[in-house]
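A short worksheet on the structure shown next.
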Amino acid sequence: MQLSIIIVNYNVKYFLEQCLYSVQKASIGIDAEVFVVDNASQDASVEYLQPIFPRVKFIASKTNDGFAKANNRALEKCKGEYILFLNPDTIVPEDCFANCIAFFKEHNDCGALGVQMIDGSGKFLPESKRSFPSLSAAFYKLIGLSLIFPNSRKFNKYALGNMSKDDDYEIDVLAGAFMMLKKDVAHKTKGFDETYFMYGEDIDLSFRVQEAGYKNYYYGKQKIIHFKGESTKRGSLNYVRMFYNAMSIFVRKHYSGSKATIFSTTINIAIVFRAIVSLLQAIVSKSGLLILDALVVFFSMYFTKEFWIHILRDGKPFDGPFTQYSIPIFTIVFIIGALLSGIYDNLYKPLKALVASAASVVVLLAFYSLLPETYRFSRGVILGGGIISGLMVTLMRWIFIKLRWIKDDEADAFKQAVVVASQAEYVQVLQLMQKADIEERLLGRIGMKTSEENTVGSAYQLKDLVKKANVKEIIFCEGVLSFSEIIEQMIILQKEKVSFRFHCKKSHSIVGSDSKTSTGETLTGEGHFALSNPYQQRMKRMLDMWIAILMLATFPIQFLFIDKAGVALKNAWLIILGKRTWIGYSSFQNTLPLIAPAILTCNGYPNNGKFSINNTVLKKTDILYAREYDWMQDLKIIFGNYRNLGGRD
């Protein structure tokens, strides 16, 4: 047997579906076997994929033991002359495996081989080629010089920034997302070191391949797609912890003496620094952004008032009992206006802050005009402070976008899309989009020939169509198009700020990923979920908050109505912090809209994992809840099961 392919999966069944279809095509003419090790996925990956790919050897683990252990488990069963460790969120072109095997035969000293990887937006991934970690490289990466000078041999040594991405050469570190080894090398090095749970194991194995007397090669002429960010949200605190912990393990294992001590100290500093940055990012990207807005508005109003007093009133303060409450009230009104204007749904649109500010000023001035004379404050402060508040929040949004702490790539809510496909493939995509109730996005089909009927253009005109028709999304259908052609088109169009989506022939899903810092997008035959709607998400969050606040404000009374009232109050705090929701799913399903863990399931039961209902029934109920979601239903479940709100501890 020529080739054994090992793929470790965790809750990414639709990305893995596309990956396996590409692997299937790339294996034509090659004697190959494919192993999928499922690390206790909760999205029914094995049940979904096994009937579709009967020749794939699935190994279902009951626990998530990490990337290294899962790969080694399959490695023991491999019979191929070459072993390929491949990520599930990848797409390989048709000639990939044959080309890589030919490369090995042309380079007898090659022990392990990596390829050029591009992400879901067509951009080159610098981790395709790396050097071993060094103190200077870690320092330059930590202080950001590697980002400022990406092509520098000195400042971006870790990612070999001075070396062309399209050439082939010997390097130190290969990426675990695509790492092909000779079988004897894989067994001589004993596979991945299981001390690593996730991240760093590829660096360690690359090091041991060289220790064993072989070379690691980067094959820049061969390209694959690696969506990234699918199994673990990159940039999250969990990612930072795991990544730098892996670096620490590598240093302790392969370095010694004062060098190891200095390196470990540097890495610990990096962990603290990145953890602080990631925490700030998490605060900004979640409900903490609302708190930051409130602080900005409060202090904008406060300084406006102080300026008015000291400059325009010669130090004379405002009189009246309403004065001390004016700024907090304006802040509350502003935040309510911001919520209703949708500023927290589309973080890339900072000008919505000005809409919220204008609405708050109008409401407050209207309220002001109804007050008795003795309670009136200052129209000038309200108007001036409102304008400054809106400008400051808008400026803060712009800064966060530049820092990439919030997204600016979600574009318009209405994404005009074209499908590069045959007529039959176009019909399949249309049916999927109809089930998701978003078929109005489609502008039409892009044909492969200029003379095709029922098209809005040909693939040769794609770049012009993107510009002239304001296309925001391109769905590539594999079938008439090869994976190789799709990859080449992505590279050509990567600068056009367009999203790419992928649909393999015979698959039941469309996948894509525009960012390495967050999970990708999947569109499936399971249809549209109302809970994905920003309005419903906002209403759910507001309902959660109001119930939690009322419960805390009336906490002595709650002991009369709720079992485990103390736990219920703790739950209320978790709700306010955004770590829980009152009503939600009974089990995790990767295909459903992401919400916080629930206190009560959508069936009204305490979410403690103890149910007398069949698991299949629970999953179907969760799907129905997400698909038909209405915040009024949450309210009914809460009041119908009020006594059980302390059910989760």
Side-chain angles (χ1 to χ4, degrees), residues 87 112-179 199-207 209-210 215-229 234-235 239-240 242-248 250-251 254-255 259-260 262-278 281 402-405 491 494-495 515-517:
N87 268 29
L113 182 67
V115 298
Q116 181 181 158
M117 300 186 296
I118 63 171
D119 66 13
S121 63
K123 295 182 178 64
F124 171 71
L125 289 170
E127 55 267 42
S128 301
K129 51 181 179 67
R130 290 171 289 172
S131 65
F132 287 124
S134 67
L135 187 58
S136 59
F139 176 74
Y140 295 140
K141 186 175 177 64
L142 176 63
I143 64 175
L145 285 175
S146 61
L147 290 174
I148 299 172
F149 304 103
N151 299 320
S152 169
R153 182 174 185 173
K154 180 177 182 180
F155 296 129
N156 197 20
K157 182 182 176 182
Y158 181 60
L160 303 175
N162 63 307
M163 294 184 177
S164 170
K165 60 183 174 58
D166 297 314
D167 291 334
D168 310 332
Y169 32 75
E170 181 187 347
I171 61 171
D172 287 333
V173 178
L174 305 175
F178 185 105
M179 194 172 187
Y199 306 116
E201 57 279 288
D202 50 359
I203 301 175
D204 183 89
L205 181 54
S206 297
F207 188 92
V209 168
Q210 289 189 351
K215 293 181 179 180
N216 298 316
Y217 277 93
Y218 168 72
Y219 187 10
K221 294 182 180 68
Q222 183 63 61
K223 303 177 182 70
I224 71 166
I225 301 171
H226 180 206
F227 292 106
K228 293 179 67 68
R234 301 178 71 84
Y239 164 74
V240 170
M242 287 195 295
F243 181 79
Y244 282 101
N245 182 57
M247 293 299 97
S248 217
F250 180 83
V251 169
H254 297 293
Y255 293 91
K259 185 177 182 180
I262 296 171
F263 211 142
S264 294
T265 302
T266 303
I267 286 176
N268 288 329
I269 293 171
I271 292 173
V272 173
F273 177 77
R274 286 295 302 273
I276 291 171
V277 172
S278 295
Q281 287 177 292
K402 291 298 179 183
L403 290 173
R404 297 183 181 179
W405 288 10
I491 293 171
Q494 63 171 301
K495 295 181 181 179
S515 171
K516 68 181 181 180
T517 60

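The basis for the numbers below is simple: all heavy atoms, side chains too, and nothing from hydrogens, waters or symmetry mates.
The side-chain heavy atoms of N87 and M117, taken from C-beta on, include no pair separated by under 4.5 Å. A 4.5 Å side-chain heavy-atom check between Q494 and I118 finds every atom pair outside the cut-off. Side-chain contact between M179 and S206: present, with at least one pair of heavy atoms (C-beta onward) separated by less than 4.5 Å.
I171 contributes atom CD1, which lies 9.5 Å from atom OG of S131 (distance to the nearest 0.5 angstrom). For the atom pair CG of N216 and NZ of K129, the computed distance is 15.0 Å after rounding to the nearest 0.5 Å. Distance CG/N156 to CD1/I148: 11.5 Å, rounded to 0.5 Å. Taken from NZ in K223 to CZ in F124, the straight-line distance is 10.5 Å, to the nearest 0.5 Å. From D202, atom CG reaches atom CG of D204 across 9.0 Å, with rounding to the nearest 0.5 Å.
Every residue two or more places apart in sequence or in another chain that forms a side chain to side chain donor-acceptor pair (under 3.5 Å) with Y217 is listed here: D109. Under the side chain to side chain contact (heavy atoms under 4.5 Å, CB included) criterion, D167 pairs with S164, Y169, sequence neighbours left out.
Evaluation of the salt bridge (charged side-chain N to carboxylate O under 4.0 Å, His left out) test over residues 168-178, restricted to residues two or more places apart or in two chains, returns D168-K221, E170-K215.
The closest donor-acceptor contact from the side chain of Y218 to the backbone of R130 lies at 3.5 Å or more, if one exists at all.
Checked options I224, L125, D166; the residue passing with Q116 is D166 (criterion: side chain to side chain contact (heavy atoms under 4.5 Å, CB included)).
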